Q: 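The structure under discussion is supplied below as structure tokens; questions concerning it will follow.
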Amino acid sequence: PSSATVTIVDNDDPPEYQADIEVSEFKWVPKVMQKLEHPSMISFVLRNDGPSDMKPPDTQVEARFYLSGNMIFGDGDDILVGTKQGDVTLAAGDQMTVRYSGQAHNTDVTIP
């Protein structure tokens, strides 16, 4: 396709004693990529809407990136193009920008 729409999907109903993590301001550079190319930068804002802090041992964040032919996630046409994992500590009410910079660091995210 010649264009894409970013849809952010998260699990919105955590138990009331856990952190409620929200994602916004997704960026992907370059905006246009060729087959087998890797992004030079991926970033997004991660916000903890509480009530709990993200602190050890509960700090793992996994971001999965998909291509889809439409705006409906989970209808069978979604293609996983990569996954990023890491540990994040984030107090309730705080936010941070998560960045994955440099094509050499993003070889695990590839346009099929």
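Residue numbers count from 1 along this sequence. These numbers were taken from a predicted model, which means no experiment stands behind them.
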Q: If you group Ile, Leu, Val, Met, Phe, Trp and Tyr whenever their side-chain heavy atoms sit less than 4.5 Å apart, what else falls in with L36?
A: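 Other cluster members: none.
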Q: Looking at Q34, I want to see if its CD is surrounded by more than 12 non-hydrogen atoms of other residues, nucleotides or ligands under 6.0 Å.
A: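 Atom CD in Q34 is not crowded, with 12 or fewer foreign heavy atoms closer than 6.0 Å.
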Q: Any heavy-atom pair between the side chains of L46 and V23 that's under 4.5 Å?
A: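 Yes; the side chains approach each other to less than 4.5 Å.
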Q: Could you tell me the separation between the OH atom of Y66 and the CG atom of L80, rounded to the nearest 0.5 Å?
A: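 It comes to 5.0 Å.
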Q: Within the distance-only criterion (no hydrogens, no angle test), does the side chain of D77 pair as donor or acceptor with the backbone N or O of G69 below 3.5 angstrom?
A: yes
Q: Could you report the tightest heavy-atom contact between S52 and A19, atom names first, then the distance?
A: O-CB, 3.4 Å
Q: Can you name the closest pair of heavy atoms from L67 and P112 and give their distance?
A: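 Nearest heavy atoms, L67 then P112: CD1-CD, 3.8 Å.
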Q: Between CZ of F26 and OG of S43, what distance do you get to the nearest 0.5 Å?
A: 8.0 Å
Q: Of all heavy-atom pairs between W28 and V109, which one has the smallest distance, and what is that distance?
A: CH2-CG1, 3.3 Å
Q: Which residues satisfy the side chain to side chain contact (heavy atoms under 4.5 Å, CB included) test with K55, sequence neighbours excluded?
A: D53
Q: Taking salt bridge (charged side-chain N to carboxylate O under 4.0 Å, His left out) as the cut-off, I'd like each qualifying pair that reaches into residues 60-71, sequence neighbours left out, listed once.
A: E62-R64
Q: Please table the atom pairs, donor to acceptor, closer than 3.5 Å between any side-chain atom in residues 85-102 and protein atoms at least two apart or in another chain.
A:
residue: D87; atom: OD1; partner: T59; partner atom: OG1; Å: 3.0

Q: Can you confirm whether H38 sits close enough to T110 that some side-chain heavy atom of one is under 4.5 Å from a side-chain heavy atom of the other?
A: yes
Q: Can you run down the salt bridge (charged side-chain N to carboxylate O under 4.0 Å, His left out) pairs that involve residues 101-112, sequence neighbours left out, and say none if there aren't any?
A: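 For residues 101-112: K84-D108.
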Q: Which other residues end up in the same hydrophobic cluster as M41, if Ile, Leu, Val, Met, Phe, Trp and Tyr are linked when side-chain heavy atoms come under 4.5 Å apart?
A: V29
Q: Is there a side-chain contact between F65 and T83 (heavy atoms, below 4.5 Å)?
A: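 No; the side chains remain at least 4.5 Å from each other.
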Q: Heavy-atom distance under 4.5 Å between the side chains of M54 and I21, does that happen here?
A: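 The answer is yes, as the side chains (C-beta and beyond) meet within the 4.5 Å cut-off.
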